[in-house]
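Report on the structure given below.
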Number of protein chains: 2
Amino acid sequence: MKTPPEHGRREWSIQEIARAAGTTSRTLRHYQAAGLLQPSRVGHNGYRYYDGACLLQLQRILLLRDLGLGLEEIGKVLQGRTGPAAALHTHLAVLLEERDRLERRIAAVRKTIDATERGGQLMPEEMFDGFDHTQYKEEVEQRWGREAYAKGDRWWRSLSTRERQDWLEHSRQLQNDWVDAAASGTAPDSNEAQELARRQFHWLAGANGGQEVGYGYFTGLGEMYVADPRFSANYGGEAGAGFVRDAMKIYADRHLA
Amino acid sequence: MKTPPEHGRREWSIQEIARAAGTTSRTLRHYQAAGLLQPSRVGHNGYRYYDGACLLQLQRILLLRDLGLGLEEIGKVLQGRTGPAAALHTHLAVLLEERDRLERRIAAVRKTIDATERGGQLMPEEMFDGFDHTQYKEEVEQRWGREAYAKGDRWWRSLSTRERQDWLEHSRQLQNDWVDAAASGTAPDSNEAQELARRQFHWLAGANGGQEVGYGYFTGLGEMYVADPRFSANYGGEAGAGFVRDAMKIYADRHLA
DNA sequence: ATGGAAGTTGACGCAGCGTCAAGGTCAAGC
DNA sequence: GCTTGACCTTGACGCTGCGTCAACTTCCAT
């Protein structure tokens with residue numbers, strides 16, 4: 001009593017529809033497990049067989065998948081709990097946001113490539129195009145926080161030329177004063193050093209574009225001055241940088257803790 | 001012999017750097033497991049401690065992660081096996097391709113929304129804007145394959161107005177002939193029916209924009225004519241659609257197997 | 001001493017299948 | 001009737017980058 005292969009066959013094996021629809025048998029089993037597509041018949045041996053209606057359903061699933069919908073959403077649409085248009089509208093919003101993020105990321109990558117190719121270092125030393133940045137390394141340090149990197153850039157570009165010059169001048173002054181203080185043998189907890197730390201703090205707060213400069217961030221920065229030779233060099237070597245770090249730490253303990 | 005909390009502390013607990021860098025302790029452990037960031041010291045109790053150099057390293061990792069690089073790539077960059085610029089260039093290419101796919105997907109979703117909102121059905125019945133499509137339903141059927149959906153659309157838009165009219169006329173003729181043949185009681189394997197199947201095949205091949213029309217695709221389409229009432233209606237009900245399907249199947253067996 | 005905050009390792013979860021692994025079925029050729 | 005090879009089954013791990021318990025241990029302050 002076997003079913004002879006008749007002329008107008010109306011069902012196919014799993015591989016056959018898979019190929020017909022341009023997908024794989026694994027995917028079909030997955031869809032079944034997800035409750036999206038049941039075989040029209042299952043043989044006594046467990047083999048799955050699919051008919052035209054299944055193929056139709058499968059095509060719908062694949063169409064929606066191609067548009068990027070998740071299997072769960074697709075399930076809702078298929079069983080009519082959600083209109084296709086509504087689901088797609090929701091999905092479209094997600095896609096648009098995704099695109100925005102991608103665009104921003106692409107821009108960021110491009111800028112970082114630019115910076116590293118010119119500067120040779122991973123962390124951009126040369127974000128300030130129009131200036132002779134070899135003279136102004138310090139400001140770079142301030143943007144090492146990762147959010148600060150992105151936000152700080154917007155902040156910087158929002159400034160006028162005059163404001164930028166002021167800010168750079170300010171930073172140079174600050175660095176010089178640090179070096180002087182370190183060289184003069186002042187203690188990190190002296191009034192002099194603490195005043196410098198205070199200036200450093202407010203200068204940073206201004207540069208962070210509304211981003212709060214917290215205890216961890218401030219002291220962390222101090223540590224990095226010591227850890228990174230490119231920076232410590234600007235502060236008179238490890239010793240000088242250590243002095244800056246200590247002073248900043250004390251300031252943080254007193255005012256930010 | 002405990003280490004007293006001295007003035008210039010140079011290391012922090014896992015939570016402290018995590019907060020300072022704007023991430024979580026779990027992430028730090030993950031990076032360690034991934035070989036990206038080792039604590040500067042591990043206490044006898046298993047506690048992890050990190051110093052300034054670690055913080056520096058962490059910032060680099062987070063910067064790259066923000067740009068979308070995978071941890072593996074980041075690892076290569078950090079240990080100098082890949083230049084940052086090179087890695088970012090590669091990554092940029094990926095991002096650009098990703099953006100392309102996203103754009104296409106967005107366009108497709110928009111069109112599908114349009115179509116379903118006007119047509120009410122998920123499968124777009126109205127892809128042919130300028131025409132009185134209520135008269136031309138058949139062509140829609142041909143684009144059910146999912147790649148065909150996207151590619152077929154580009155194909156269609158690449159045609160001139162004249163070519164479109166020809167194609168539509170052709171499709172209408174074909175449908176009428178099918179209906180006539182079915183009504184006249186012709187057998188599916190008759191010369192007449194097989195000639196219609198041949199026309200159907202070539203008409204499809206033309207419509208698929210270079211996409212091959214294989215055995216599975218062709219027979220599957222026939223099955224769908226029967227399974228979907230919207231289509232079978234156009235072929236004189238289930239009986240007529242069954243006739244078309246059978247004829248297509250025989251044609252496929254003879255010429256596409 | 002004790003309670004609460006913070007640390008540890010271990011392991012599951014997620015999205016959508018790809019990809020073995022180990023074994024049953026089926027049609028065909030000898 | 002037996003072997004071969006193609007195709008089928010279920011089961012389970014893998015991938016990405018952590019989030020999120022769970023079950024304990026340690027540290028610090030009262």
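The sequence lines fix the lettering, A, B, ..., with proteins before strands; numbering per chain opens at 1.
dG17(D) atom C1' lies 13 Å from atom CG of Leu62(B), rounded to whole Å. Distance NE2 (His44(A)) to P (dG24(C)): 15 Å, rounded to an integer number of Å. Atom CD of Glu73(B) is separated from atom P of dC15(D) by 15 Å (rounded to the nearest Å). Straight-line distance from the CG atom of Leu28(A) to the P atom of dC7(D): 15 Å, rounded to whole Å.
Remark: His255(B) engages Tyr251(B) in a side-chain contact (heavy atoms from CB on, under 4.5 Å) (not counting sequence neighbours). Residues passing the side chain to side chain donor-acceptor pair (under 3.5 Å) test with Gln38(A), sequence neighbours excluded: none. Taking the side-chain contact (heavy atoms from CB on, under 4.5 Å) definition, one finds that Arg105(B) meets it with Leu95(A), Val109(B), sequence neighbours left out. Qualifying ring-ring contact (aromatic ring centres under 6.0 Å, His included) partners for His89(B), counting only residues two or more places apart in sequence or in other chains: none. Evaluation of the side chain to side chain donor-acceptor pair (under 3.5 Å) rule for Glu98(A) yields no partner, not counting sequence neighbours. Residues satisfying the side chain to side chain donor-acceptor pair (under 3.5 Å) criterion with Arg254(B), sequence neighbours excluded, are absent altogether. Residues that satisfy the side chain to side chain donor-acceptor pair (under 3.5 Å) test with Thr24(A), not counting sequence neighbours, are Thr27(A).
Contact annotation: the side chain of Glu97(A) approaches that of Arg101(A) to within less than 4.5 Å [non-hydrogen atoms, C-beta and beyond].
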Return the polar atom pairs (N/O with N/O) between nucleotides 18-20 of chain D and the protein under 3.5 Å, or none.
residue	atom	partner	partner atom	Å
dC18(D)	OP2	Tyr31(B)	OH	3.1
dC18(D)	OP2	Arg65(B)	NH1	3.0
dG19(D)	OP2	Thr24(B)	OG1	3.1
dG19(D)	N7	Arg26(B)	NE	3.4
dG19(D)	O6	Arg26(B)	NH2	3.1
dT20(D)	O4	Arg26(B)	NE	2.8

Filtered N/O pairs between nucleotides 5-7 of chain C and protein, under 3.5 Å:
residue	atom	partner	partner atom	Å
dG7(C)	OP1	Ser13(B)	OG	3.1
dG7(C)	OP1	Gln15(B)	N	3.2
dG7(C)	OP2	Gln15(B)	NE2	2.4
dG7(C)	O4'	Tyr47(B)	OH	3.2

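An angle of 40°, rounded to 10°, separates the two end axes of the helix from dA1(C)-dT30(D) to dC30(C)-dG1(D), each defined over five pairs.
A donor-acceptor pair is defined here as one N or O able to donate and one able to accept, closer than 3.5 Å; no such pair exists between the side chain of Thr23(B) and the backbone of Arg19(B).
For the pair Asn45(B) and dT8(C), the criterion of a side-chain N or O lying under 4.0 Å from OP1 or OP2 is not met.
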For residues 44-51 of chain A, dump all side-chain donor-acceptor pairs below 3.5 Å to protein atoms at least two apart in sequence or in another chain.
residue	atom	partner	partner atom	Å
Asn45(A)	OD1	Tyr47(A)	N	3.0
Arg48(A)	NE	Gln32(A)	OE1	2.5
Arg48(A)	NH2	Gln32(A)	OE1	3.4
Asp51(A)	OD1	Ala53(A)	N	3.2
Asp51(A)	OD1	Cys54(A)	N	3.0

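Heavy atoms of Gly70(A) sit under 4.0 angstrom from primed sugar atoms or phosphate atoms, though from no base atom.
Screening residues 73-83 of chain B for side-chain hydrogen bond (donor to acceptor under 3.5 Å, both in side chains), with sequence neighbours left out, gives no hits.
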